[in-house]
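The structure under discussion appears below in the form of structure tokens.
In the text below, chain A, chain B and the rest are named by the order of the sequence lines, each starting its count at 1. Only a predicted model underlies this, so the values are computations on that prediction, with no experimental measurement involved.
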Protein chains: 2
Amino acid sequence: MNAVIQEHNSSSIHAAPVAKPVVRPAPGAGFDLDALRSHMLVQMHKLEAGKALYRAGQPFRSLFLVHAGFLKNTLVSEDGRERVTAFHMRGDVLGTEAIGTSMHVCSAVALDSSVVWEVPYTCLLRAGAADPSLQARLADILAAEMRNDRRWMLAQSTLGAEQRVASFLLHMAARHEDLGFSGRRFMLRMSRMDIASFLALKHETVTRALSHLADLGCIRIQLRDVQITDPSRLEQLSQQNERIH
Amino acid sequence: MNAVIQEHNSSSIHAAPVAKPVVRPAPGAGFDLDALRSHMLVQMHKLEAGKALYRAGQPFRSLFLVHAGFLKNTLVSEDGRERVTAFHMRGDVLGTEAIGTSMHVCSAVALDSSVVWEVPYTCLLRAGAADPSLQARLADILAAEMRNDRRWMLAQSTLGAEQRVASFLLHMAARHEDLGFSGRRFMLRMSRMDIASFLALKHETVTRALSHLADLGCIRIQLRDVQITDPSRLEQLSQQNERIH
DNA sequence: CGACAGTTTGAAAAAATTCAACGGAAGTGG
DNA sequence: CCACTTCCGTTGAATTTTTTCAAACTGTCG
């Protein structure tokens, strides 16, 4: 089990800027795996970077609990427009957006080699009847995801490009810290395009914002290796508008 | 019960552009009220336009099923930035974003005189243990709301201002039609500012987009009275980019 | 090595915002 | 009912922000 985590840490990382190799038990977000196992068969899946966990159009049958790795969730419209709606890591639950439908509308793609546990949805519902705390947990997870979505909706309508990028970095830092890794230095697992899509910007704009934040001295960034050198300044920049050209 | 609907139809409407006074039983979105009543006490509340159903900071105890009227849901950040995250009408469930927390983070405000049924959340959970279909229903509602949020997130990152406004009008039209009203002519219950906030635009931009759509001849609009004169053209404009200055 | 996807930067263009002004509708209080 | 105020909506012009287009550069991988 820990071996998987180790594998995760070292995969596709070269300079390996991982400060704390401490792996916390399980974050408050997801399901308690042991509780699930007492009710149903939970199957493990390993995914290489680039592979899809599910794709829009496939039948919806299961939720997936992320055990290790990093994935993105993308929504595609009929006319081909696409957007990254969320990034997921250890403790997150994937596939929730398909609940109540027969087919996936979103695709979930691994951005790093990942390990997930498959939770058949009908089994989960059946288990919820026996264990009421489970259904409450499911509702909590869905609502938390909704709050998260809305947080970013708020950011998009009220924050400029640079502020959004700053917020994004801080958010990623916080998530890494929650999992016991360094919030000061980490690897972005997604491309500039993915970040851009998620923040409703173009990839050039993201690059420019990152370069500018680096110029201001609050971060250092090389490709996907991020160091937050001045967190409080970055925090400040994520809220106010300090534009020095 | 129908009297309430009648009251709703005529309130704050002058030219009264309501074509079909047909009121459909209950849309697929929300809960079945009778099913809920067999499990718990469901209280009714009436709200005048402008009054809040709940506000950020208040303790979370109940969900609300909209029976009549029109409400907006707004998210406010600590530093005062605000945004409309959703509009709700008959059949929708409000308060879901607070599930799993003790306090509301959002405010729900009536934009027209409204009637809601209060569903105490702990009662709902308890009822879910007895009636498993109820918990599945709750999950469905939450997931549907998530899909809706993401639909708009996609729109914001891939559509221009005018396209977003066109999409918005079509969406409102469809919702009105679902409820048995005319999808061709209806009253916007919210201000330009509210639309702008929801679409991540400024109110002037929304006005300009509406004026331009009217110039192109696919809608007619006077203040909040909307007529969709060329739905297929509007549909087209909501996807492609046809800019005639 | 060479191809290639991802990243960076610059300059021009487009889109949306800001600022400002005005007109109309609704509401208040005499 | 009118005067007055306030909120909402519209429009124009200048400005800012973001995008688009183009080119170059950098690791990665076969």
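- As rounded to whole Å, 15 Å separates atom C1' of C/dG27 from atom CD of B/E48.
- The salt bridge (Lys or Arg N to Asp or Glu O under 4.0 Å) search around B/R81 returns B/D79, not counting sequence neighbours.
- The interatomic distance linking A/K202 (NZ) with D/dC21 (P) rounds to 10 Å, in whole Å.
- Listed by first and then second residue, the salt bridge (Lys or Arg N to Asp or Glu O under 4.0 Å) pairs involving residues 65-76 of chain B are B/K72-B/D194 (not counting sequence neighbours).
- Between its opening and closing five pairs, the helix from C/dC1-D/dG30 to C/dG30-D/dC1 changes axis direction by 50°, a value rounded to 10 degrees.
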Donor-acceptor contacts under 3.5 Å from residues 200-210 of chain A side chains, at least two apart:
| from | atom 1 | to | atom 2 | distance (Å) |
| --- | --- | --- | --- | --- |
| A/T207 | OG1 | A/H203 | O | 3.3 |

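- The side-chain hydrogen bond (donor to acceptor under 3.5 Å, both in side chains) check on A/D230 picks up A/S232, with sequence neighbours excluded.
- Side-chain proximity of B/S191 to D/dC8, C/dT18, C/dA16: nearest is D/dC8.
- The salt bridge (Lys or Arg N to Asp or Glu O under 4.0 Å) test applied to A/R164 returns no partner, not counting sequence neighbours.
- In this structure, B/A166 and B/L237 approach most closely via the heavy-atom pair CB-C, 4.5 Å.
- At whole-Å resolution of the value, CD in A/Q156 and C1' in C/dA16 are 16 Å apart.
- Under the side-chain contact (heavy atoms from CB on, under 4.5 Å) criterion, B/A144 pairs with B/R147, sequence neighbours left out.
- Here D/dG9 presents its P atom at 12 Å from CE of B/M187, a figure rounded to the nearest Å.
- Distance CE (B/M193) to C1' (D/dT6): 14 Å, rounded to an integer number of Å.
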For nucleotides 10-13 of chain D, which of its nitrogen or oxygen atoms have a protein nitrogen or oxygen under 3.5 Å away, and what is each distance?
| from | atom 1 | to | atom 2 | distance (Å) |
| --- | --- | --- | --- | --- |
| D/dT10 | OP1 | B/R192 | NH2 | 3.2 |
| D/dT10 | OP2 | B/R192 | NE | 2.6 |
| D/dT10 | OP2 | B/R192 | NH2 | 3.1 |
| D/dT10 | OP2 | B/T207 | OG1 | 3.2 |
| D/dT11 | OP2 | B/S211 | OG | 2.6 |
| D/dG12 | N7 | B/R208 | NH1 | 3.0 |
| D/dG12 | O6 | B/R208 | NH2 | 3.2 |
| D/dA13 | N6 | B/R208 | NH2 | 3.4 |

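- Every residue meeting the ring pair (Phe, Tyr, Trp, His ring centres under 6.0 Å) condition with B/H171, not counting sequence neighbours, appears here in chain and number order: B/W152.
- Counting to the nearest Å, the P atom of D/dT26 and the CG atom of A/D225 are 17 Å from each other.
- Here D/dC7 presents its P atom at 14 Å from CZ of B/R224, a figure rounded to the nearest Å.
- The CG-P distance, from B/L201 to C/dT18, rounds to 11 Å in whole Å.
- In this structure, A/F60 and A/H104 have perpendicular ring planes: the angle between them is above 60°, well past the 30° mark.
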